[in-house]
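Chain A is the first sequence line, chain B the second, and so forth, proteins listed ahead of strands; every chain is numbered from 1.
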Amino acid sequence: MSKKVFSAILMVALALSVAFVPAVAQDEVRWVGADDLPVSPLECPEGAPGAAMAEEPMEEPEAAALEYNGGQPVGAPDLAGQEIVLVDVPKLIGIGYFNATSLGMQQAAEELGNVKVTTDGPTQGDIVQQVAFIEQYITQGVNGILFAANDPVGISPVLRRALESGIHVVGYDANSEPDAREWFVNQAEFNGIAKAKIDSMVAEIGPEGSFAIVTSSFTAPNQSRWISEMWAYAQKCYPDLKWLETVESAEDQNLAFQQTQTLLNKYGPDMDGVFGMSSVAFPGAADAVAQAGLCSPDDAAADVAAPDEESAVAIVGLSTPNQMRPFVENGCVESVVLWNPVDLGYAAVYVMRAVVDGTLTPESTEVEAGRLGKLQVVNGSEILLGPPFVYTQDNIADFDF
Amino acid sequence: MTATTVSAARQSAPGWFKNLRMLVSGQEGALTLSLALLVIVVGTANPRFLAQQNISDILLNSSYIAVAAIGMSAVIISGNIDISVGAMIGVLATISGQLSIVPGMPVWISWLVPLIVGPMIGAVTGFLVAYLRIPAIVVSLGMMSILKGGLILATGGVWIYNMPPEYKLAQQSFLGLPVPVYFMLALTILAALWMRYSPSGRAIYAVGGNKEAALLSGISPRVVLMRVFMFNGLMVGISSVLFATQFSSIQSTVPSGLELTIITSAVVGGVSILGGTGTVIGATLATILLRAIGNGMIFINVSAYWLQAVQGTLILVTVLIDLLRRRRQAAQIRG
Amino acid sequence: MGAILELENISKQFPGVKALDDVRFDMAAGEVHALLGENGAGKSTLIKIISGVYKQDGGTIRLDGETVSFNTPREAQQRGIATIYQELSLYPELTVAENIFMGHAPRRKLGPIEVLDWGAANRRAQEILASLNIHDLDVTRKIGTLTVGNRQRVEIAKALSLNARILIMDEPTAALTEADVERLFNIVRLLRERGVGIIYISHRLHEVFELADRVTVLRDGQYVGTKPVSETSEDDLVSMMVGRTIDNLFPKLETEVGKPVLEIRSLWRKPLTRGVSFQLRAGEIVGLAGLVGSGRSEVAQVIFGINPAESGEILIDGKPVTIKHPGQAMNHGIAYVPEDRGTQGLVRQMRIRENVSLSVLKAIRSGLFINRKQERSLATSMIKQLNIRAYSTEQVVNKLSGGNQQKVVVSKWLASKPRILIMDEPTRGIDVGAKAEIHRLMSELAREGLAVLMISSELPEILGMSDRILVMRGGQVVAEFSRQEATQERIAAAMMSETAGNGAAKSETMMIGESETA
Amino acid sequence: MAVTERPSQLTEQSNPIVSRLRAVVLSKEGILFLIMIAAMLILSLLTDKFLTTNNLLNQLRLVTEIGLMALPMTFIIITGGIDLSVGSIFGLSAIVMGFLWQDSGWPLELAIIMCMVVGTTAGFMNGLFIVRVGVPPLIMTLATLALYRGMALGVSEARSARGFPDWFFDLGQRQFLGIPSQLWILLIAAIIAGIVLARTPFGRGIYAMGNNELGARFSGIPVRLYKLAIYTFSGFMAGLAGYIFTSRISTTRADMGTGLELDVIAAVVLGGTSINGGSGSIVGTMIGLILIQLLKNGLLLGGIKGDATIVIIGAILILAILINNLVQRRTGGD
């Protein structure tokens with residue numbers, strides 16, 4: 001008897017807890033796949049339907065005015081000008097994007113001559129494993145850690161421990177909590193990327209087009225951030241865009257391919273565009289569109305089966321040039337949005353060197369970064385790389401990463 | 001005993017009729033019914049699901065998993081398991097892609113090499129399992145680590161692109177269906193025939209069902225296990241070629257969770273995890289069913305966040321239905 | 001005479017044991033040659049050498065006068081030696097025909113490749129079965145759905161499909177129903193007429209007298225002797241096997257029969273327990289007879305709570321109790337020595353100590369933990385009390401002989417200090433010496449006041465040991481006899497009375513060794 | 001192949017102490033321990049940063065969650081079952097905790113308790129289907145692997161829970177008496193689990209079931225109840241691990257703990273528990289767990305990168321089992 005009572009209690013408890021959880025957050029509108037953090041959409045371009053409404057001055061984040069809010073290492077040895085050993089722990093290794101950042105770091109190290117940097121990290125974008133890697137390198141005793149966080153909150157405790165052990169910490173690509181690192185090299189702010197993507201999409205499908213999103217996973221922080229910002233920006237500037245749905249594809253090109261095919265079959269001509277949100281999802285989605293013969297007709301694409309403008313599907317997304325080269329070259333994809341990850345890695349090493357040498361202090365407003373010139377300090381303790389980069393048919397041949 | 005009367009009735013029925021009935025009452029029948037049910041339900045809710053293109057896509061996307069599931073079925077029937085298949089597909093696809101971009105290399109070589117390397121890896125696994133008697137789950141767990149790490153070590157994760165157009169086998173179509181679908185069908189039929197009609201195929205069931213007995217009837221379990229793992233390697237090799245030639249670029253990392261998809265396909269297909277029973281036809285049908293579920297759920301607008309949970313429930317329900325069906329059959333036998 | 005198989009000076013050493021020492025054996029075509037010996041005497045080793053599973057350390061094997069040496073079972077099979085092991089070597093998930101032809105199915109050319117021809121295999125399987133006068137077996141059925149008797153016929157058909165000239169049968173009747181035993185004997189006789197030589201191993205001596213032409217006895221790995229069956233007697237064979245004379249196989253002691261301790265009233269659990277009622281009194285041994293499938297073990301398992309009753313009452317000392325699982329039955333002082341010691345009675349990979357204590361773990365705790373000292377002394381005393389031949393309480397049960405394994409099962413249940421002991425086929429497949437010991441133990445326990453319910457397929461055992469005999473058929477108790485009333489004929493008639501009316505023909509199938517009765 | 005974790009008395013006659021020692025050293029756990037010591041020696045030669053108390057304790061902190069889940073997994077694998085859903089239960093219970101607190105406004109203390117309740121219930125469901133319906137454990141937990149993960153995703157709508165108050169991190173990020181707090185839990189849990197498995201009637205029943213389930217049932221061991229208990233226990237431990245994990249990482253998300261089941265199984269299997277059931281021990285599991293983590297750590301500290309480390313660990317997993325197999329066969333188990 002007591003067994004039955006016990007199990008009944010357990011069942012009810014599970015049902016209750018599961019039922020209670022999503023009770024909140026329903027009223028606040030949020031697109032599928034977006035996170036629940038505050039958004040700050042940028043201004044609309046000229047001629048956008050929403051541009052007129054956005055007359056009142058935007059509350060621009062007062063970047064330069066913000067106090068330095070990063071952390072400081074405890075008792076770090078003074079190694080100004082001396083050789084330093086750095087480790088770079090990206091979200092995961094073995095993907096084109098982080099190969100490119102790693103390449104940039106090596107270039108910077110070579111130029112500087114007194115920096116040694118190795119890249120090591122988990123083979124899957126997993127915060128647990130990433131934390132373990134950083135733990136190990138703290139023990140090993142490097143001079144500085146460069147990181148791209150799998151989770152901004154999850155990575156912070158271990159980074160704080162690094163600071164406490166006198167290790168310099170600089171982030172790039174994906175941030176941690178500000179006080180868990182000294183500086184963060186910001187490749188392009190989320191709202192900037194979001195604007196670039198929506199603008200590119202609108203350029204192809206018009207302000208009343210419809211599109212779906214292929215993300216890698218709903219839980220991937222960067223992608224959910226972008227979706228949030230895209231939603232906010234589109235609400236503000238292109239309220240007539242039709243958002244169809246978001247699907248997941250893991251970090252698996254094949255799944256992205258399959259999910260995109262399913263979307264194409266489901267919506268047929270009712271879908272005008274697809275966003276590929278990650279450097280894996282984008283080529284997968286592009287392949288699905290290309291193999292379905294739905295690439296938009298393009299002057300340069302004589303060999304691509306070109307359907308009429310009506311049924312063509314535009315593909316917009318973020319990826320590295322190499323992965324997208326075939327599609328850009330045959331005109332299936334018109335533009336690929338991405339900053340230059342080589343430059344990002346390059347800048348991260350320069351920032352680290354400047355921190356160790358004492359030339360970048362909490363009071364600084366800019367930092368010297370080799371071939372990139374001077375980079376601005378924003379948001380208190382971030383260093384802005386510059387606006388996102390758009391690869392097109394004309395310039396894609398110049399990049400190899 | 002009722003057994004006598006049943007058998008008498010059966011004997012009087014013509015052979016083809018008996019086969020037909022066995023087909024419907026068996027696991028394959030249950031899967032086909034589930035598939036039909038799904039098609040009807042989803043198709044009614046959203047007729048676009050039934051469009052030829054979508055059906056063809058479901059089949060296409062089942063192909064590489066189904067081919068790998070054939071090998072996995074054989075492994076499971078022999079009483080073992082191989083969780084390194086996902087990593088193997090990653091490694092072999094990369095090898096194939098790398099070869100295809102070597103200037104002057106004939107395309108068929110890049111198709112063929114995975115079919116040779118696959119069985120070689122399988123032979124290593126098989127040797128460790130059959131001759132050194134290490135449980136297959138341990139060997140393949142270790143093998144998975146080795147292949148995964150080795151792949152990144154070797155490639156650094158650089159994607160492969162610029163494969164020659166003639167390399168892209170899986171993108172070809174024949175009579176309106178993509179080539180991989182023919183591979184799936186042909187290999188399923190061939191493997192089913194092999195496992196039913198050849199001594200070496202039949203021996204797999206023997207080893208999985210009763211190892212001692214197999215030994216006593218002159219079958220060497222070791223040789224059979226070696227063969228099974230090499231066969232699995234071959235299937236994985238073919239699967240990896242289908243996987244690699246599908247795209248304009250090859251992701252040279254291991255797709256995570258692929259082994260679970262493959263094992264799930266084989267198990268839902270009725271291959272008993274205890275060894276000794278199951279057919280590859282069931283595994284292939286299950287692969288298609290699972291893919292159709294994944295596809296169909298999008299068509300009927302299941303909340304994206306709950307999609308995985310719904311899929312998990314459907315897998316559980318499929319398994320439960322099969323379990324109850326088997327139990328009812330067992331009860332009938334007992335009379 | 002024309003011996004087709006001759007073995008000379010065979011010896012075989014295992015680590016620590018000399019399994020066979022200078023053993024010889026020979027057989028002629030068309031002869032049934034019984035091989036006798038207690039468990040551990042070396043019979044199994046000998047047949048495994050003949051069938052190519054083991055290789056002898058010394059000695060020669062001649063087949064048709066030619067010295068042979070087999071490296072694998074397959075080589076022996078190719079020379080026409082087939083073996084039917086006690087634990088049948090069949091694949092439950094495969095069909096009859098597939099089992100018969102596993103490893104040597106007929107093939108056919110399909111273009112350039114050879115494939116198995118299941119059509120031909122099914123036909124040939126049917127032919128072979130027909131040649132054994134078996135017409136009611138569908139060759140496309142899965143083995144798992146067949147009865148033990150049918151499975152064994154499949155084994156024999158498998159041997160014949162290999163054109164066996166020498167057929168080795170290791171305790172073929174151990175798990176058969178009486179009717180199946182008779183069918184088996186007919187098949188054996190048929191084979192003998194065809195000139196097949198049969199090596200027949202059994203613990204049931206009467207089978208030897210019924211079937212065999214000659215008999216060879218082994219003891220402790222040594223050759224004791226070979227005699228024509230016509231020139232020997234059971235007592236003679238028993239003393240050859242044990243090396244001493246067993247004066248009494250059924251040492252029944254007179255006991256005071258006390259109050260009823262267990263009573264069951266119209267107990268139901270379908271399909272094989274249909275309204276069973278009986279009483280069991282302290283100090284008495286009640287024999288429960290019946291054909292296999294009559295519901296004997298099923299009733300026992302209902303009482304013991306393995307498959308709890310659907311309806312009906314169980315009373316202990318006159319008070320109704322609920323028994324839903326074995327734990328409850330044990331709390332009421334019931335113990336059940338199951339039919340199949342390998343799968344039900346023992347955990348063979350565990351030690352004697354661990355097996356003995358398995359039913360009393362809760363009782364030998366100190367605090368939350370198992371008291372090891374107490375556990376060990378329990379095992380030690382059981383080894384002593386039941387005369388279990390083992391070198392230590394730490395010996396793994398798997399390594400013991402069948403009789404000693406059975407004693408471990410019994411000791412496990414004695415350890416629980418039961419008041420009601422149900423023994424299901426307590427002496428199946430164990431040798432004469434151990435059999436007598438178990439019988440003596442049973443008697444002593446009854447005298448100490450235990451109520452014993454003994455299920456047995458061997459009528460001599462039922463007759464020899466029981467104070468009272470119940471007969472079951474179709475899930476019901478159909479007859480009850482006192483010790484004085486009971487005879488083989490009456491019990492057998494009750495067991496099969498459904499058919500008893502229309503045929504004395506059937507009573508012929510009940511040729512059960514009368515002479516074994518003490 | 002007998003039940004391990006006890007010196008056998010087989011050769012007691014010769015020289016009790018020597019033979020006892022011999023038996024301990026040559027047991028599965030003994031061999032594994034020797035392998036671990038050898039690995040530690042080699043690793044400490046590679047780098048002097050490896051063999052320090054601080055490093056070792058820190059490493060153990062990282063595997064606490066896996067260790068906690070490996071304890072019930074040892075029980076389960078000994079009975080011949082498996083639980084593939086632990087990683088998903090882990091994720092589900094952590095996310096329910098996070099969102100009960102963050103979104104539904106429950107007190108955090110209560111949410112923590114619910115974390116364990118959810119885990120326990122999820123494990124109980126596994127057990128119920130396995131015991132009552134007779135679904136093979138592998139299939140059942142393969143299905144709930146997808147199901148529970150899906151529920152986690154659905155409940156959280158893929159958002160993460162964060163911003164816990166400071167006291168919440170005591171368990172995951174602080175020390176207690178000089179040792180990482182969560183290690184105390186693992187230590188106590190391991191000792192209890194070890195004793196329960198080796199010394200109690202329950203533990204003996206687990207071994208008996210693993211070797212011969214029918215035989216155990218016929219001996220009056222409540223097989224179904226025990227099974228239900230271990231799968232429920234597994235769920236509870238996954239819930240507890242989920243809480244400790246969230247406290248260590250300070251946030252949680254629906255995909256946390258993906259693939260963790262393989263790490264758990266690897267530790268158990270490396271620890272000498274037979275995947276076919278019937279033998280194994282908690283001591284072995286703990287050694288397996290530590291061995292894997294120390295290898296990861298030591299190799300990395302010695303300057304070997306992560307991808308190569310995976311390769312080496314894979315090879316060592318196979319090798320360790322191989323060596324043990326050979327030794328056990330030589331010393332005549334069977």
Is the B/F243 ring parallel, tilted or perpendicular to the B/Y64 ring (thresholds 30°, 60°)?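 Rings of B/F243 and B/Y64: tilted, as their planes differ by 30° to 60°.
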Just by distance, no angles: are the side chains of [X] and [Y] close enough, under 3.5 Å, to form a donor-acceptor pair?
X	Y	result
A/T215	A/Q223	yes
A/E245	A/Y267	yes
B/T188	B/T284	yes
A/S278	A/Y97	no

Answer whether the closest heavy-atom distance between the side chains of A/F327 and B/S248 falls below 4.5 Å.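 A side-chain contact exists here, since the closest heavy-atom pair is under 4.5 Å.
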Does any non-hydrogen side-chain atom of A/Q136 lie less than 4.5 Å from one of A/D120?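 A/D120 does not reach A/Q136 side chain to side chain.
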Among B/Y305, B/F299, B/F49, B/F247, residue most engaged with chain A (heavy-atom pairs, under 4.5 Å):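 Sorted descending by pairs with chain A, the first entry is B/F247.
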Top residue by heavy-atom pair count (under 4.5 Å) with chain B, among [options]?
options	result
A/T119, A/L255, A/T123, A/V280	A/V280
A/N254, A/N99, A/T246, A/T262	A/N254
A/M324, A/R325, A/K266	A/K266

[X] versus chain B, heavy atoms under 4.5 Å apart: side chain, backbone, both or neither?
X	value
A/S217	neither
A/Q291	side chain
A/N265	both
A/D252	both
A/V247	side chain
A/F98	neither

How many angstroms lie between OG in B/S239 and CE in B/M184, if you round to the nearest 0.5 Å?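 So the OG of B/S239 and the CE of B/M184 are separated by 12.0 Å.
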What distance separates B/I58 CD1 from B/N295 CG, expressed to the nearest 0.5 Å?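 Between atom CD1 of B/I58 and atom CG of B/N295 there are 4.0 Å.
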Engaged part of B/D57 at the chain A interface, taking heavy atoms whose separation is under 4.5 Å: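 The answer is both parts of B/D57.
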Would one find more than 12 heavy atoms of other residues, nucleotides or ligands at under 6.0 Å from atom CZ of B/F183?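 It does not: B/F183 CZ has 12 such atoms or fewer within range.
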Residues of residues 143-152 of chain B under 4.5 Å from chain A (heavy atom pairs)?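 Heavy-atom contacts from residues 143-152 of chain B to chain A are B/K148, B/I152.
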Taking A/D270 first and then B/R48, would you say they form a salt bridge - that is, a charged N and a carboxylate O separated by under 4.0 Å?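 Result for this pair is yes, salt bridge flagged.
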